Novice: 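Structure below; questions to follow.
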Amino acid sequence: MKTITIQTKNTTYQMGITDTGFLLHLYYGKKLNSECDMSYLLTYYDRGFSGNPYDAKDDRTFSMDVLPQEYPGYGNGDYRTTSINVQDINGVYGCDLRYCSHHFSDGKYSLPGMPAVYADISESQTLSVVLRDKASGIEVTLLYGILPAVDVITRAAIIKNIGTNEVILDKAYSGSLDFLNGNHDILHFHGRHGMERIMERNPVIHGVQSFGSKRGTSSHQHNPFVILAEKDTTEDYGNCYGMSLLYSGNFKCEIEKDQFNQTRIAMGILDEMFAYPLQPGETFETPEVAFIMSANGFTHLSHQYHELIRYHVCRGKYKIERRPVLINNWEATYFDFDGAKIVDIAKQASALGVEMLVLDDGWFGKRDSDNRGLGDWFVNEEKMGGPLAETVEKVNKLGMKFGLWIEPEMVSEDSDLYRAHSDWAFSIPGKKPVTSRNQFVLDFSRKEVVDHIVDQITKVIDSAHIEYIKMDMNRSICDVYSAVNGMQNYGKIMHQYVLGVYDFMERLLVRYPNILLEGCSGGGGRFDAGMLYYCPQIWCSDNTDAIERIKIQHGTSFGYPISTVGSHVSAVPNHQTGRTTKIKTRSTVAMAGSFGYELDLSLISEEEKQEVKHQILDYKKYWDLIHNGLYYRLHLPEEDRETAAWMFSSKDQTEGLLNVVTLDTHCNGPISYIKCKGLNENSQYIIEGKSQIYCGSALMSVGLPIPVMQGEYQALQLHFIEVK
Ligand code: DGJ
């Protein structure tokens with residue numbers, strides 16, 4: 001069997017081409033010699049009810065129902081989860097793709113209009129494999145982007161109608177992986193508004209398990225990042241495979257264990273209600289999925305994803321640069337503010353060292369509550385006490401930058417925009433649309449709609465010195481219908497909607513290359529690698545309770561770097577949970593992200609103000625370690641421990657920052673010992689401000705006793721410095 005092999009620094013990926021032209025998936029795992037031919041793993045038996053391709057002739061042992069495939073489709077005798085389903089105009093299914101050609105080239109492919117991993121030509125390659133089925137009129141070019149140093153293999157598919165009639169794409173996933181054996185677990189990140197990306201680990205069972213979103217966004221409920229792991233995989237041991245979809249709309253991940261205990265995992269745009277018409281000559285490009293395989297457990301897998309997203313997905317000035325410590329007025333004022341109040345918040349914050357003021361929802365149109373005003377992107381000068389530029393100048397004079405909130409995809413029924421263009425909102429003729437937060441969704445699949453919103457919002461941005469934009473999105477999408485001729489196909493509209501959102505953000509970034517764009521969707525409802533191509537940080541959750549945030553940020557850390565996590569210190573009792581924690585606890589948790597404040601500083605004590613000053617200095621001091629170091633999950637929330645702990649260690653192992661939060665308090669309780677990670681076994685360390693010397697090996701293999709701290713939810717940050 002002819003093979004095609006991809007090598008990265010630590011992994012090998014291999015496909016095989018059968019004599020009959022089927023493209024099989026032979027291997028993905030720990031690195032092998034390049035001459036290894038993994039086709040020896042395939043076994044051939046005559047399996048009942050597993051049919052044979054006609055050209056296998058008398059060979060009843062050759063069945064696509066059993067063999068591992070690279071891009072499985074329905075129509076060649078495989079009855080497992082597919083990556084591609086094609087229907088002709090008569091509703092006939094039957095796609096039988098065969099290998100045509102392949103070639104490697106230098107540099108990583110890009111996907112016009114869509115997010116994609118990027119890398120220098122010297123550090124990346126592309127493999128293109130062309131498959132064709134003349135009978136169904138389909139040609140598929142499988143794209144593989146290879147970043148050897150980061151152990152990344154990306155996949156996407158370009159599907160072309162090479163026939164003479166229209167065909168319907170019922171399913172067009174980005175990629176899949178087949179495993180011939182093994183006992184696997186699936187780790188996925190589920191949640192809800194205010195509790196996103198909670199890690200859940202389940203055994204892969206016979207049949208199909210699936211996670212996804214049909215909300216139009218990647219969603220709070222499921223995240224387009226999953227890990228398939230061998231049963232015994234832990235943070236530091238074992239084989240695991242990550243799949244991160246660079247897409248911010250409807251998606252699905254399916255995991256199937258088949259009749260012979262083989263496992264298939266596949267991911268891409270949601271196939272439900274997806275029926276994408278392709279005219280002769282037309283192509284459809286799938287979004288991209290990024291695979292990483294770790295033979296050393298979840299920590300290594302996460303480190304590779306952190307590296308990938310920080311350096312090969314995020315873009316722009318703030319990709320690497322330290323982001324300003326900000327104060328956001330949302331939880332301080334909600335809609336109840338005016339220009340003077342905003343300047344007052346800025347004054348208080350600047351005195352403590354905060355570097356940017358973010359004006360959240362409510363500055364435009366008649367937006368005095370969340371019932372009205374969306375779509376009217378002109379400054380409410382009455383409320384602001386004059387043009388926005390005046391407020392911005394006052395804030396700038398305090399030595400602070402100014403940021404602004406927008407929600408471009410939405411329109412309120414009570415808005416001038418809706419009154420003028422009600423057909424710009426998704427709504428099905430004859431049906432009353434579903435409302436949510438009293439708002440409708442603008443049809444961003446239509447260019448004129450995106451053009452108008454870009455026009456309005458850029459006028460505001462141009463009018464003042466704005467250096468940050470928080471782009472929000474506050475409802476799930478429904479009633480999908482485009483009031484444009486020939487555009488009533490749900491799958492097509494939903495995909496083009498996402499492309500419209502990407503186009504909007506791209507236009508902002510091109511026009512304002514130095515702006516810091518923060519993503520948001522009611523917190524982390526659109527926290528995915530696709531958004532991170534445009535926004536180097538995303539507001540992680542509307543839940544700012546420090547203790548709940550530990551779980552949310554823990555789950556988020558599996559697939560996304562710390563720098564992407566927007567995290568703020570807010571008021572107590574916390575507005576979402578009513579819980580009271582110390583300001584030190586809140587800042588310790590918020591520092592595991594892009595740091596800021598979101599509370600009325602005039603309401604905190606003088607002592608707390610002094611603490612805030614120190615927190616900001618600490619954050620600036622530790623920022624490099626936090627964003628550019630390696631993140632380690634130590635005590636895991638799912639283990640139900642009494643302390644939560646995580647650590648940042650510098651890549652050169654000369655320093656580490658251990659963070660501990662107690663989750664329970666006892667009379668005469670046991671002592672918690674925390675094993676550090678990321679230090680040098682052969683080095684000695686002191687804790688900053690203390691004199692005791694610790695051996696790196698002891699800190700990591702035996703641990704550090706955590707002093708008893710009285711009171712609930714106490715926090716500790718210990719800075720380890722190597723003793724030279
Ligand atoms: C939801 C966001 O997540 C909040 O931070 C805030 O910006 C509100 N929307 C404003 O409406």
Side-chain angles (χ1 to χ4, degrees), residues 191-197 215-221 248 323 326-337 341-342 345 356-377 380 383 402-412 414-415 435-442 457 466 468-477 516-528 531 535 537-546 548-549 552-553 556 564-571 574-577 586 590 593-600:
R192 56 184 184 269
H193 176 232
M195 205 63 200
E196 299 89 338
R197 290 171 300 286
R215 292 169 179 271
T217 57
S218 47
S219 89
H220 301 87
Q221 287 72 13
S248 313
R323 327 259 165 81
L326 64 83
I327 183 146
N328 178 304
N329 75 303
W330 180 242
E331 286 198 19
T333 65
Y334 297 101
F335 291 102
D336 185 17
F337 64 86
K341 175 74 190 163
I342 294 303
I345 292 175
M356 180 162 72
L357 179 286
V358 176
L359 175 55
D360 211 280
D361 196 353
W363 55 267
F364 52 91
K366 296 203 176 69
R367 183 81 169 161
D368 49 14
S369 83
D370 59 9
N371 286 319
R372 60 187 60 84
L374 287 171
D376 294 343
W377 299 110
N380 182 342
K383 182 169 180 177
F402 189 93
L404 197 65
W405 178 97
I406 57 172
E407 191 175 359
E409 297 149 78
M410 295 294 149
V411 65
S412 305
D414 183 1
S415 67
T435 62
S436 182
R437 217 189 185 205
N438 241 324
Q439 60 199 54
F440 298 145
V441 184
L442 286 173
I457 287 178
I466 290 164
Y468 159 109
I469 292 286
K470 173 177 172 186
M471 178 167 147
D472 208 344
M473 196 290 187
N474 281 303
R475 63 161 289 178
S476 303
I477 302 177
L516 169 56
L517 188 58
E518 171 160 318
C520 177
S521 176
R526 198 158 56 178
F527 201 120
D528 55 69
M531 286 306 281
C535 325
Q537 68 186 53
I538 297 177
W539 180 227
C540 186
S541 178
D542 271 350
N543 186 345
T544 57
D545 175 285
E548 299 237 281
R549 267 291 181 123
I552 299 169
Q553 293 178 185
T556 306
T564 62
V565 173
S567 200
H568 300 167
V569 173
S570 63
N574 177 266
H575 292 192
Q576 294 82 41
T577 63
R586 282 171 271 153
S594 280
F595 187 61
Y597 291 83
E598 188 161 335
L599 73 171
D600 188 341

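Computed from a prediction, not measured in an experiment: that's the story for all the values here. Order of listing sets the numbers, starting from 1, for every ligand and every atom in it.
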Novice: Taking the side chain as everything from C-beta on, heavy atoms only, tell me whether Ile327 gets closer than 4.5 Å to Met356.
Specialist: no
Novice: Which residue and atom name correspond to the protein heavy atom nearest atom 7 (O) of ligand 1, and how close is it?
Specialist: Asp360 OD1, 2.6 Å
Novice: Measure the distance from atom 1 (C) of ligand 1 to every protein heavy atom, then report the residue, atom name and distance (to 0.1 Å) of the closest one.
Specialist: Asp472 OD2, 3.0 Å
Novice: For ligand 1, does Asn328 get within less than 4.0 Å through its side chain, its backbone, both, or neither, judged by non-hydrogen atoms?
Specialist: neither
Novice: Is there any N or O on Glu598 that sits under 3.5 Å from an N or O of ligand 1?
Specialist: no
Novice: Which of the atoms of ligand 1 are close to Trp539, meaning less than 4.0 Å from one of its heavy atoms?
Specialist: 3 (O), 5 (O)
Novice: Below 4.0 Å from any atom of ligand 1, is there a heavy atom belonging to Asn474?
Specialist: yes
Novice: With only distance considered, is Cys520 within less than 3.5 Å of ligand 1 through an N or O on each side?
Specialist: no
Novice: Does the distance from a Lys or Arg side-chain N to an Asp or Glu carboxylate O, for Lys366 and Asp376, drop under 4.0 Å?
Specialist: no
Novice: Ignoring hydrogens and geometry beyond distance, is a side-chain donor-acceptor pair present between Gln439 and Asn474 at under 3.5 Å?
Specialist: no
Novice: Which atoms of ligand 1 are found less than 4.0 Å from any heavy atom of Gly523?
Specialist: 3 (O)
Novice: For the residue pair Trp405 and Trp377, categorise the inter-ring angle as parallel (less than 30°), tilted (30 to 60°) or perpendicular (more than 60°).
Specialist: tilted
Novice: For Asp361, counting its heavy atoms only, list the atoms of ligand 1 lying under 4.0 Å from any of them.
Specialist: 10 (C), 11 (O)
Novice: With only distance considered, is Arg437 within less than 3.5 Å of ligand 1 through an N or O on each side?
Specialist: yes
Novice: Starting from atom 4 (C) of ligand 1, what is the nearest protein heavy atom, named by residue and atom, and what distance separates them?
Specialist: Asp542 OD1, 3.5 Å
Novice: Are there more than 12 heavy atoms of other residues, nucleotides or ligands under 6.0 Å from atom CZ of Arg475?
Specialist: yes
Novice: Compute the centroid of each ring, for Trp363 and then for Phe335, and state whether the two points are separated by less than 6.0 Å.
Specialist: no
Novice: Are Lys470 and Asn328 packed together at the side-chain level, in the sense that at least one heavy-atom pair is separated by less than 4.5 angstrom?
Specialist: yes
Novice: For ligand 1, does Lys470 get within less than 4.0 Å through its side chain, its backbone, both, or neither, judged by non-hydrogen atoms?
Specialist: side chain
Novice: Does CG belonging to Asn438 count more than 12 external heavy atoms closer than 6.0 Å?
Specialist: yes
